[in-house]
Every structure is written in C-alpha cells, then in structure tokens.
Asker: 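Please find one structure pasted underneath; my questions will follow.
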Amino acid sequence: MRMSMYSSAWWGPPKKFDRPEEERKVSWLELFYDLVYVIAISRITHKLALESSVGAFIEYTFLFMLIFWGWLNGSMYHDLHGNEGLRTRLMTLWQMMIIAALAVEIELTPVPSYHNITVVFMIMQLYITYMWWSIGFYDKSHRRYNMPYTILYLLAFASMGASMFLPESWLKAIVPIILVCNYAPPFIAQVLLRRDNSDLNLSPSMAERLGLFAIIVFGEVVLGVVNGISNTGVPGLKGWLNFSLAISIVFSLWWIFFTLVAQRTVKRGFNNASRLELLYIPSLISLGLIAVSFTSFFETQHQIPLQKLGYAIAVFLGSVSLMMNLLVFPSNFIALKKPAHRSLLVTAAFYIVFSLLSIRLNRVLFLIVVLSGLLAEIIYLNSLYYRIIKKNESESH
C-alpha cells in the first residue's frame, strides 16, 4: 500500500481541473516549452518573408493556427492538470520533440511538397488527442467533458490524412474543416459544464502564458526590423534613422497591447476565455505580417510594402479593441473602456484609408506617418487615464 502511494506521487497523475491552484506561478518547464514554439514561429515567418504572396500568406495563417493550437492545448493541459510529477514532464517533453521536428521539416521541405509536414502535424494531432483522452483514466468525471475534444480532434486527424491522398484543390475544403474541429471543442465543453452547474475561468497563470506567447511574436517583429536593416549592408545615418523609427513602431504596438490587454482579468466563464484565445490569433498573425513587411522594407530594390503594413496594423488594433470587450476593468476605470474602444477603431480605420490611398512616400516619411498614428493613440489613451485618475481623486476629497 505504501509502495503504491509512493509510485502514484512519483508518477504524478493529472490533477483535477475543478481544483485550481490559487496564484499559481508559471513554471520553468512551461517557459522551456515555450522556447520550442519560438523556433517554429520563427521558421514559418521566415518562410513567408521569402515568398510574400496571397497564397503564401494563407499558408502562413494555416500553419500559425495549427502551431498556436498545439501550444494552447499543451499550455491549457499544464494549467488545468499539470503538476511536478514525472508524467507531466514527459508529456511536455514529447510535445516539445514534435514541435522541434516540425521546425526541422518546415525548413527542409520544398515548396511543392508538404507530405512530411502533414505527417508531423498528424503526430501532434494524435498526441494532443491522447493527452486529453488519457485524463479519463485518472478522473472518470472528466470523461464526458473531454469527449468533444476526442471526437473532433480525431476527425481533424482523419482530415489531415485524407489531404495527403486527395487533389490539392480539395485543400480549400479540408483546411477549414481541420481548423473548425480543432477550435470548436471548448465551446461544446462549455455547454456540458453549464448543464452540470459548473464552469471554468481563465486562470491568471494562463493569461500570463498568453502574454508570453505574444512576446514571442513581438520578438519576431523586432527580428524582422533587424534583418531588414542588416540586408541593406552597413547602415548610414538614414539607415539608423529608419531603424529607430521601426523599433519605435514595434514598441508602440507593444505599449498598446500590454496596457489594454495583458494586464487585465478575463470575464468569468470558459466561453469568454475561449473567445479571448481566438482573438489572439488575428492579432498575432498581423504581427507576423508586420515582421515580414519590415524584412524587405529597407531594401531599395523593393517597393515599399505600404498596404501590407497598414492593413496589418489595422487588424492588430481592431483585435485589441475586440479583446477589450472580454476583459474586466477596475470599477473606477470603466469610463476608459468605451472611448478607448472607439479610438482604437478610429486609428485602425486611419491605417486602412491610408493604405487604400497608396500615397507614395519615401521610407523615412512613411515610417514617421505610421509612428505618428500610434503615438497619437497612446497620447489619447494616456490623457484619458490621467483624466480619470484626477476625477477620482477630486471625488474622494
């Protein structure tokens, strides 16, 4: 009996999801796990930079959504069921190996053939399906909640397998099926939870993990600026001015995102948590597009990617605006939410109109215009913030 208890503690069966840890800190294992995804995101971003076309962007979007789905499932599993036992560490290791193999195949696979990449994705798909299904061995009450995950994830797995034998024209139908099957289960599980008068909330640690993943993609944008400047050779005074303006644009985007989104608590409910996770996708994909734009932006033989960069910033700001609807603001700052939401949409509209007009500007002036729009948004948000603080202080006296 004592030996059995010792073995159970050593192996570390998954903890029950209805017993969340209060104020859990992100572990070193989770941070190590995230590093593998840094490589995978970097590889697909580099691939898009080499071929900037509509088809390449659609491919990038699909790959990004599958990689993000893998990261999200691994992170949610660790947040809900992870512990210090051997099982959690091995489950994390195996997923890290799969993503590392994916990064290798993305770099090696020629453009016309995606057979090996599909095989790796199928392995990841099957492994994540097993990961959720296996919890039922230890917690029988969890079985009905993981049933939608098991069925739909297996359907996505079968669709991936079918795509290897069907004509390429079928991908237009198969890819949406795979994405819907992978992202739909949380919304079905929410219905099952409500029937049992239960619910799940996005934990502070998981919200922090989402912020860390955003930092990974922001790092790709900085890398895009660095690569873009490096490709021009030894930068002169004008080159360093372009560099400074571009980095300032990236920092401004970071400022807006982490001021309005990353430091806020998500509204209660598994549905709200799942919707917020979905809204991370367009915001992060737009950052990837900005990174690609900066990679070729400074090369004199390339046309300035005005429309691409402007649309990407507009999508990013629009996504942040939508995210705000799912976040809880302190009672004394609720008045900030509506005007901030409106101003983000106005600024996004400015970048769309600016892109549609296709005004031909030199690189320095173009970067100044882009940065000015973001700085105007930041100044407006800060003026709102300090105006509310001043009003609250005057009311308290």
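None of the values given here were measured: they were computed from a predicted structure.
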Asker: Name the orientation class of the two ring planes belonging to Tyr149 and Trp132 (parallel below 30°, tilted from 30 to 60°, perpendicular beyond 60°).
Answerer: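 Because their plane-to-plane angle lies in the 30° to 60° range, the rings of Tyr149 and Trp132 count as tilted.
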Asker: Could you give me the CA-CA distance, side-chain angles and deciding distance for Trp254 and Phe251, then say whether ring pair (Phe, Tyr, Trp, His ring centres under 6.0 Å) is met?
Answerer: CA-CA 5 Å; Trp254 170 88; Phe251 187 81; 5.1 Å; yes
Asker: Just to verify, what does Tyr385 make a ring pair (Phe, Tyr, Trp, His ring centres under 6.0 Å) with, not counting sequence neighbours?
Answerer: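 Partners of Tyr385 by the ring pair (Phe, Tyr, Trp, His ring centres under 6.0 Å) criterion, ordered by chain and then number, come out as Phe333.
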Asker: Taking Gln125 for the side chain and Tyr153 for the main chain, is one N or O donor matched with an acceptor at less than 3.5 Å?
Answerer: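 Between the backbone of Tyr153 and the side chain of Gln125 there is a qualifying donor-acceptor contact (under 3.5 Å).
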Asker: For a side chain to side chain contact (heavy atoms under 4.5 Å, CB included) check, start with the C-alpha distance between Ile188 and Met147, then their side-chain angles and the critical distance, and finish with the verdict.
Answerer: CA-CA 10 Å; Ile188 301 174; Met147 188 62 68; over 6 Å; no
Asker: Pair Ser75, Glu30 - check side-chain hydrogen bond (donor to acceptor under 3.5 Å, both in side chains), show working.
Answerer: CA-CA 7 Å; Ser75 300; Glu30 291 170 281; over 6 Å; no
Asker: Using 0.5 Å steps for rounding, measure from the CZ atom of Arg43 to the OG1 atom of Thr45.
Answerer: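 One finds 11.5 Å between CZ of Arg43 and OG1 of Thr45.
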Asker: I need the minimum non-hydrogen distance between His78 and Ser27, along with the two atoms involved.
Answerer: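 Between these two residues, the closest heavy atoms are CE1-OG, 3.7 Å.
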Asker: CD1 of Ile249 to CD1 of Ile368: how many Å apart, nearest 0.5 Å?
Answerer: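 Answer for the CD1-CD1 pair, Ile249 versus Ile368, is 9.5 Å.
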Asker: Calculate, to the nearest 0.5 Å, the distance between atoms OG and CD1 belonging to Ser383 and Ile378 respectively.
Answerer: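 The OG atom of Ser383 sits 12.0 Å away from the CD1 atom of Ile378.
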Asker: Could you check whether any side-chain heavy atom of Leu260 comes within less than 4.5 Å of a side-chain heavy atom of Leu381, counting everything from C-beta outward?
Answerer: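 Sidechains of Leu381 and Leu260: in contact.
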Asker: Do the ring planes of Tyr127 and Trp94 sit parallel (below 30°), tilted (30 to 60°) or perpendicular (above 60°)?
Answerer: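 Judged by the thresholds at 30° and 60°, the geometry between Tyr127 and Trp94 is perpendicular.
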Asker: Would you say Ile151 and Leu155 make side-chain contact, with heavy atoms under 4.5 Å?
Answerer: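 Side chain of Ile151 against side chain of Leu155, heavy atoms only: no contact under 4.5 Å found.
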Asker: Do Ile177 and Phe62 land in one hydrophobic cluster if side-chain heavy atoms of ILVMFWY residues count as linked below 4.5 Å?
Answerer: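 Shared cluster, no.
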Asker: State, with a plain yes or no, whether a side-chain heavy atom of Leu166 is found less than 4.5 Å away from one of Leu171.
Answerer: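 In short, these two side chains do not touch, never coming nearer than 4.5 Å.
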Asker: Check whether any side-chain heavy atom of Tyr183 lies under 4.5 Å from a side-chain heavy atom of Leu152, and answer yes or no.
Answerer: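 Heavy-atom side-chain distance check fails, nothing below 4.5 Å.
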Asker: Any side-chain heavy-atom pair from Ile67 and Ile99 closer than 4.5 angstrom?
Answerer: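 No, their side chains stay 4.5 Å or more apart.
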Asker: Dump the intermediate steps for side chain to side chain contact (heavy atoms under 4.5 Å, CB included) on Phe121 and Ile117, then the final yes or no.
Answerer: CA-CA 6 Å; Phe121 271 127; Ile117 291 179; 3.6 Å; yes
Asker: Between Ser286 and Ser283 (side chain of the first, backbone of the second, donor and acceptor by atom type, cut-off under 3.5 Å), is there such a pair?
Answerer: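 Side chain of Ser286 to backbone of Ser283: a pair is present.
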Asker: Is it true that Thr295 and Asn227 share a donor-acceptor pair across their side chains at a distance under 3.5 Å?
Answerer: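 No donor-acceptor contact under 3.5 Å links the two side chains.
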Asker: Can you give me the closest heavy-atom contact between Met160 and Thr118, atom names plus distance?
Answerer: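 Residues Met160 and Thr118, closest heavy atoms: O-CG2, 3.7 Å.
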Asker: Between Lys308 and Val292, is there a donor-acceptor pair closer than 3.5 Å when you use the side chain of the first and the backbone of the second?
Answerer: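 Side chain of Lys308 to backbone of Val292: no pair is present.
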Asker: So with a 6.0 Å cut-off around CE of Met164, is the heavy-atom count from everything else above 12?
Answerer: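 For Met164, atom CE is crowded (more than 12 foreign heavy atoms under 6.0 Å).
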Asker: What is the distance from atom CD of Glu220 to atom CD1 of Ile216, rounded to the nearest 0.5 Å?
Answerer: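 The CD atom of Glu220 sits 9.0 Å away from the CD1 atom of Ile216.
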Asker: What is the minimum heavy-atom distance between Pro148 and Pro185, and which atoms define it?
Answerer: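 Taking every non-hydrogen atom into account, O-CG, 4.0 Å.
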Asker: What's the verdict on side-chain hydrogen bond (donor to acceptor under 3.5 Å, both in side chains) for Ser203 and Arg209, showing C-alpha distance, side-chain angles and the deciding distance?
Answerer: CA-CA 10 Å; Ser203 67; Arg209 294 293 304 284; over 6 Å; no
Asker: Between Asn272 and Arg275, does the side chain to side chain contact (heavy atoms under 4.5 Å, CB included) criterion hold? Intermediate values first, please.
Answerer: CA-CA 5 Å; Asn272 288 325; Arg275 287 164 61 196; 3.2 Å; yes
Asker: Taking all non-hydrogen atoms of both residues into account, name the closest pair between Ile39 and Ala103 and its distance.
Answerer: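 Smallest interatomic distance, heavy atoms only, reads CG2-CB, 3.8 Å.
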Asker: Checking Phe270 now: which residues fulfil ring pair (Phe, Tyr, Trp, His ring centres under 6.0 Å) with it, not counting sequence neighbours?
Answerer: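 Expected list: none.
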Asker: Run the ring pair (Phe, Tyr, Trp, His ring centres under 6.0 Å) test against Tyr351 and tell me which residues pass, sequence neighbours left out.
Answerer: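 Result, ring pair (Phe, Tyr, Trp, His ring centres under 6.0 Å) vs Tyr351: none returned.
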Asker: Assess whether side chain to side chain contact (heavy atoms under 4.5 Å, CB included) is satisfied between Phe258 and Ile215, documenting all intermediate values.
Answerer: CA-CA 10 Å; Phe258 280 90; Ile215 285 291; 3.7 Å; yes
Asker: Kindly compute the distance separating CG (Leu126) from CZ (Phe157), expressed to the nearest 0.5 Å.
Answerer: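 Those atoms lie 4.5 Å apart.
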Asker: For Met323 versus Leu279, what's the shortest heavy-atom pair and its separation?
Answerer: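 Residues Met323 and Leu279, closest heavy atoms: CE-O, 3.1 Å.
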Asker: Mind checking whether Phe64 and Phe68 have parallel, tilted or perpendicular rings, split at 30° and 60°?
Answerer: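 If you compare the ring of Phe64 with that of Phe68, the planes turn out parallel.
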Asker: Count I, L, V, M, F, W, Y as connected when their side-chain heavy atoms are under 4.5 Å apart, and connections chain through other members. Are Leu365 and Leu241 then in the same cluster?
Answerer: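 Leu365 and Leu241: one cluster.
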Asker: So, using side-chain hydrogen bond (donor to acceptor under 3.5 Å, both in side chains) as the criterion, who are the partners of Gln190 when residues are at least two apart?
Answerer: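 Expected list: none.
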Asker: If I compare all heavy atoms of Leu327 with all of Lys337, which pair ends up nearest, and what's the gap?
Answerer: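 Answer, listing the atom of Leu327 first, then Lys337: O-NZ, 3.1 Å.
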Asker: What distance do Asp79 atom CG and Glu208 atom CD have between them, rounded to the nearest 0.5 Å?
Answerer: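 So the CG of Asp79 and the CD of Glu208 are separated by 10.5 Å.
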Asker: Quick test of your reading: applying side-chain hydrogen bond (donor to acceptor under 3.5 Å, both in side chains), list the pairs with at least one residue in residues 233-252, sequence neighbours left out, ordered by first then second residue.
Answerer: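 Found none.
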Asker: Would the Tyr280 and Phe257 ring centres measure less than 6.0 Å apart?
Answerer: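 That pair passes the under 6.0 Å test.
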Asker: Decide yes or no for Met206 and Leu72: does some side-chain heavy atom of the first lie under 4.5 Å from some side-chain heavy atom of the second?
Answerer: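 Yes, at least one pair of side-chain atoms sits under 4.5 Å.
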Asker: Do other residues, nucleotides or ligands put more than 12 heavy atoms under 6.0 Å from the CZ atom of Phe32?
Answerer: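 Atom CZ in Phe32 is not crowded, with 12 or fewer foreign heavy atoms closer than 6.0 Å.
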Asker: Salt bridge (charged side-chain N to carboxylate O under 4.0 Å, His left out) with Arg89: which residues, sequence neighbours excluded?
Answerer: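 For Arg89, the residues satisfying salt bridge (charged side-chain N to carboxylate O under 4.0 Å, His left out) (neighbours in sequence not counted) are Glu84.
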Asker: Ser42 side chain to Val38 main-chain N or O, any donor-acceptor pair under 3.5 Å?
Answerer: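 Such a contact is absent between Ser42 side chain and Val38 backbone.
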Asker: Report yes if some heavy atom in the side chain of Trp255 is under 4.5 Å from a heavy atom in the side chain of Leu374; otherwise report no.
Answerer: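 Sidechains of Leu374 and Trp255: no contact.
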Asker: With clusters defined by side-chain heavy atoms of hydrophobic residues (ILVMFWY) lying less than 4.5 Å apart, directly or transitively, does Leu345 cluster with Phe354?
Answerer: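 In one cluster with Phe354: Leu345, no.
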Asker: Measuring centre to centre across the rings, with the benzene-like ring taken for any Trp, is Tyr33 within less than 6.0 Å of Trp28?
Answerer: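 Centroid separation for Tyr33 and Trp28: 6.0 Å or greater.
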Asker: Cut-off 3.5 Å, side chains only: do Tyr37 and Gln95 have a donor facing an acceptor?
Answerer: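 On atom types as modelled, these side chains qualify, holding a pair under 3.5 Å.
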Asker: So do the side chains of Glu277 and Leu210 get within less than 4.5 Å of each other, counting heavy atoms only?
Answerer: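 Heavy-atom side-chain distance check passes, below 4.5 Å.
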